[in-house]
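Position 1 is the first residue of the sequence, and the numbers go up from there.
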Amino acid sequence: MGVMRWRRWHLWLGWVTGIQMFIWGATGLYMVWVSLDFIHGKPLVDAHPDPLAWQPGYVAPAALKLPPDTRQLTLTTRMGHPVYEVLTETTAFLLDAVNGLPFLLGPEDVGQLAKGYYRGKGDVAQVTHIEQDAPRELGNRPLPVWQVRFDDAFDTTLYLSDKTGTLLTQRHRYWRWFDAAWALHIMDYSQRSRINLPWFQAMCSLSLLLMLSGSLLWLRTRFTRPAP
């Protein structure tokens, strides 16, 4: 293959791969520049429950009506009220530690819980009970859940368990940008988790071929003596 034809192939490879290589550079820079702790929203929440000691006024664990498949029983609080958090093989729920009855959460309760988890400077803007059509940012977590939005500069959103009020995950504007950057980077625009898609592999191969052909052209130009 002549040098001129080789150069034309190199030019066409540059056109084909150039935009995606720019995207790789821009998205990669964003993903390595921003702290992952911040992206995961750790500075915005504190969901560690305070330990609670059993007191004589509480229903004894042995007196509770628990399902046979109960795996864990935890004495904790919700909005300052003592509750038992019951974890079974298939679900989780709360029992009032004072009377042993189910402890149900409403929108106001969830907003108060979310405010307790939140460490930002905003206020609760919206509380939504999601039973179907989960937002993509919720991932594979089962429904239903509570979604609590805050009116801060980060557009922070907390997702809480429907039955226990436990914080499931937190999302904010820069996490969503990171998620979009990751999708563009791996060229998986729907699931955003597959890193072995055929078009991604093809683009990587073409980009490598572009770099190899450019290197060989430079070497040929650098070390080939001009004809006398």
Problem set entry | Step-by-step side chain to side chain contact (heavy atoms under 4.5 Å, CB included) determination, V59 to V98 | CA-CA 6 Å; V59 177; V98 176; over 6 Å; no

For this session: Carefully, step by step, assess H172 and L158 under the rule side chain to side chain contact (heavy atoms under 4.5 Å, CB included).
Result: CA-CA 9 Å; H172 55 87; L158 305 188; over 6 Å; no

Exercise. After noting the C-alpha distance and the side-chain angles of M79 and L113, does the key distance pass the side chain to side chain contact (heavy atoms under 4.5 Å, CB included) rule?
Worked result: CA-CA 6 Å; M79 294 87 65; L113 279 174; 3.6 Å; yes

Problem set entry | Test log, rule side chain to side chain contact (heavy atoms under 4.5 Å, CB included), inputs T157 and R176 | CA-CA 11 Å; T157 303; R176 298 178 184 108; 3.0 Å; yes

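Cluster membership check: L104 does not share its hydrophobic cluster with V86, using side-chain heavy-atom separations under 4.5 Å among Ile, Leu, Val, Met, Phe, Trp and Tyr. At a threshold of 4.5 Å between side-chain heavy atoms, the hydrophobic network of Ile, Leu, Val, Met, Phe, Trp and Tyr places F93 and V110 in two separate groups. Under the 4.5 Å side-chain heavy-atom criterion for ILVMFWY residues, no single connected hydrophobic cluster contains both V32 and I39.
The side-chain heavy atoms of D96 and H81, taken from C-beta on, include a pair separated by under 4.5 Å. Between H129 and P144, the closest side-chain pair of non-hydrogen atoms falls below 4.5 Å. No side-chain heavy atom of L94 sits under 4.5 Å from any side-chain heavy atom of Y84. The shortest distance between side-chain heavy atoms of Y58 and L75 falls below 4.5 Å. Looking at E85 and L73, their side chains never come closer than 4.5 Å, going by heavy atoms from C-beta outward. At least one side-chain heavy atom of K163 sits less than 4.5 Å from a side-chain heavy atom of T91. A heavy-atom distance below 4.5 Å is not found between the side chains of S161 and W146. Residues L44 and Q170 form no side-chain contact, since every pair of their non-hydrogen atoms from C-beta on lies 4.5 Å or further apart.
Closest approach of P67 to T88, counting heavy atoms only: CG-CG2, 3.9 Å. When all heavy atoms of V127 and P107 are compared, the closest pair comes out as CG1-O, 3.9 Å. The heavy-atom pair separating A134 from I130 by the smallest distance is CA-CG2, 4.3 Å. L66 and P61 get closest at one heavy-atom pair: CD1-O, 4.4 Å. Looking at every heavy atom in both residues, G165 comes nearest to L105 through N-CD1, 3.4 Å. Minimum interatomic distance between Y189 and R192 (heavy atoms only, all atoms of both residues): O-NE, 4.1 Å.
Side chain to side chain, T74 and T76 fail the donor-acceptor criterion of an N or O pair below 3.5 Å. Side chains of D46 and Y118: no donor on one and acceptor on the other come within 3.5 Å.
A salt bridge does not link D155 to R171: none of the charged nitrogens lies less than 4.0 Å from a carboxylate oxygen. Using a cutoff of 4.0 Å between basic side-chain nitrogens and carboxylate oxygens, K42 and D37 are scored as salt-bridged.
The main-chain N or O of D109 is never found under 3.5 Å from a side-chain atom of R78 such that the two would form a donor-acceptor pair. Looking only at distances, a side-chain donor or acceptor of T27 sits under 3.5 Å from a matching main-chain atom of I23.
Residue-environment remark: NZ (K121) stays at or below the threshold of 12 foreign heavy atoms within 6.0 Å. A 6.0 Å sphere centred on CD of Q201 holds more than 12 heavy atoms belonging to other residues, nucleotides or ligands. The environment of CZ in F22 is sparse: at most 12 heavy-atom neighbours from other residues, nucleotides or ligands sit within 6.0 Å. The neighbour count for W24 CH2, taken as heavy atoms of other residues, nucleotides or ligands under 6.0 Å away, is above 12.
Atoms OG1 and CG, on T70 and L87 in that order, are 8.5 Å from each other to the nearest 0.5 Å. For the atom pair CG of D188 and CG of L184, the computed distance is 10.5 Å after rounding to the nearest 0.5 Å. We find the CG-CG distance between L143 and L138 to be 6.5 Å, quoted to the nearest 0.5 Å. For the atom pair CG (L168) and OH (Y159), the distance works out to 10.5 Å, reported to the nearest 0.5 Å. The CG atom of L101 sits 8.5 Å away from the CG atom of L95 when rounded to the nearest 0.5 Å.
A ring-centre distance under 6.0 Å is not found for F178 and W175.
Ring geometry, F154 versus F38: the interplanar angle exceeds 60°, so the pair is classed perpendicular (tilted spans 30 to 60°).
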